[in-house]
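Side chains are part of it too, since the values below use all heavy atoms of this structure and drop only hydrogens, waters and symmetry mates. Computed from a predicted structure; not experimentally measured.
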Amino acid sequence: AKTREEGLQMLAKYHEKPYDLNQGNPSFREVFEDWFDEKFKDNMEAKKINSYRAAYNTCTRIFEYPFRDIRTSDLQNIIDNCGKNYPTLRNIKILFNQMYAYAIKNNLCSTDYAKFVDIAKYKDRNPNSYDRQPFSKEQLNVLWSQKEDIYIQMILILCYTGVRVSELLDLKKQNVNLDEHYFTITKSKTQSGIRKVMNRVNVIMYSTRPIKNILRIVTITTATGIHLWFDSNMIKHHIVADTHVYLYLRLHRYHKHIKN
């Protein structure tokens, strides 16, 4: 403190919410490492780990700052100058929020500066976004005319159900109920993605050609293996990954060319 008055104010603030003096004043990096170890002690989900690590790696300029000395301006500076799109900025702020919750819980600081960080002004910053347009009736007719193609079958299922490509590729025969016209997603990007996908007449049936016919054809023709779209000889990671990419390319090609 520069003056006696400032010193007394700091002392009063300490007595109000005392720090753990045995822990000293760890750096941003040290707090992250301690928080990370606690956060993922019993949960080593790779996708979440990679997301938090990517957010952390944008904060190199404050790695060695004493955590207790960091202020909103330091955090906001990371947001304003990292050049990331909005989804990544949201992940960075989530990281800040969780680190400050951890720090306050462990008496490493007394103020949550993360809650003052503003990312709303960057909400439209998403260079990877694109304008999604649904297939028209005419476009769907083109797809239905080639319904014997396994990849067209996949595209039709995607169009009428809204499932993710990864969810569709992971779909197993045991999770397809032909009699009651639904299938169950048991592995998804998020917990809320675990769901039953119903073949509702007014929602995912097109004209007189229900999606259940495709499901029935595929379920019967892929006689070996547990997955719906691949037999036992095709269930290899690189095959599924290549199909994932190829399916996106086919979706893009059809959407681009059949609309004219």
Answer whether the closest heavy-atom distance between the side chains of Ile62 and Leu75 falls below 4.5 Å.
-> yes
Does Arg61 have any side chain to side chain donor-acceptor pair (under 3.5 Å) partners at least two apart in sequence or in another chain, and if so, which?
-> none
Tell me, please, which residues at least two apart from Ser27 pass side chain to side chain donor-acceptor pair (under 3.5 Å).
-> Glu30
Gap separating the CG atom of Asn50 from the CG atom of Asn57, nearest 0.5 angstrom | 10.5 Å
Hey, could you give me the CD1/SG distance between Ile79 and Cys59, rounded to the nearest 0.5 Å?
-> 7.5 Å
Side chains of Asn85 and Thr88: do they bring a donor and an acceptor to under 3.5 Å?
-> yes
Side-chain donor or acceptor of Asn81 paired with backbone N/O of Asn77 under 3.5 Å | yes
Tell me, please, which residues at least two apart from Phe63 pass ring pair (Phe, Tyr, Trp, His ring centres under 6.0 Å).
-> Tyr56
Who pairs with Phe67 by ring pair (Phe, Tyr, Trp, His ring centres under 6.0 Å), at least two apart in sequence or on another chain?
-> Tyr100
Step by step, work out the side chain to side chain contact (heavy atoms under 4.5 Å, CB included) result for Phe40 and Lys48.
-> CA-CA 9 Å; Phe40 294 103; Lys48 286 186 178 180; 4.0 Å; yes
Sequence neighbours left out, what passes side chain to side chain donor-acceptor pair (under 3.5 Å) with Lys39? Give chain and number order.
-> Gln98
At what distance, to the nearest 0.5 angstrom, does CD1 of Ile70 lie from CD1 of Ile78?
-> 9.0 Å
Rounded to the nearest 0.5 Å, what's the gap from CD on Glu167 to OG1 on Thr186? Could you check?
-> 9.5 Å
Between Cys82 and Ile92, what is the shortest heavy-atom contact and its length?
-> SG-CD1, 4.1 Å
Side chains of Leu158 and Val163: closer than 4.5 Å at any heavy-atom pair?
-> yes
Distance-minimising heavy-atom pair for Asn97 and Lys115 | OD1-N, 4.3 Å
So which heavy atom on Lys123 is nearest to which on Tyr86, and how close?
-> CA-CD1, 3.3 Å
Of all residues at least two apart in sequence or in a different chain, which pass the side chain to side chain donor-acceptor pair (under 3.5 Å) check with Asp69?
-> none
Non-hydrogen atoms of Val31 and Pro26 that approach each other most closely | CG2-CG, 3.9 Å
Exam field: side chain Asp37 to backbone Asp34, donor-acceptor pair closer than 3.5 Å | no
Spatial distance of atom CD1 (Ile104) from atom SG (Cys109) [nearest 0.5 Å] = 4.5 Å
Carboxylate-amine/guanidinium proximity below 4.0 Å for Asp80 and Lys121 = yes
Does any non-hydrogen side-chain atom of Phe28 lie less than 4.5 Å from one of Met99?
-> yes
Should Ile194 and Leu168 be regarded as members of a common hydrophobic cluster, given that ILVMFWY residues are connected when their side-chain heavy atoms come within less than 4.5 Å of each other, either directly or indirectly?
-> no
Determine whether Tyr113 and Thr72 make a side-chain contact, defined as any pair of heavy atoms from C-beta on separated by less than 4.5 Å.
-> yes
If every non-hydrogen atom of Ser51 is compared with every non-hydrogen atom of Asn91, which pair is closest and at what distance?
-> OG-ND2, 3.5 Å
Start with the C-alpha gap between Ile94 and Arg90, add the side-chain angles, then the distance that decides, and say whether side chain to side chain contact (heavy atoms under 4.5 Å, CB included) holds.
-> CA-CA 6 Å; Ile94 289 172; Arg90 187 172 59 234; 4.3 Å; yes
Go through the steps for Phe32 and Arg53 under the test side chain to side chain contact (heavy atoms under 4.5 Å, CB included), then give the verdict.
-> CA-CA 10 Å; Phe32 172 81; Arg53 281 287 183 191; 3.3 Å; yes
Quick one: pull up CG in Leu89 and CG in Asp118 and give me the separation to the nearest 0.5 Å.
-> 10.5 Å
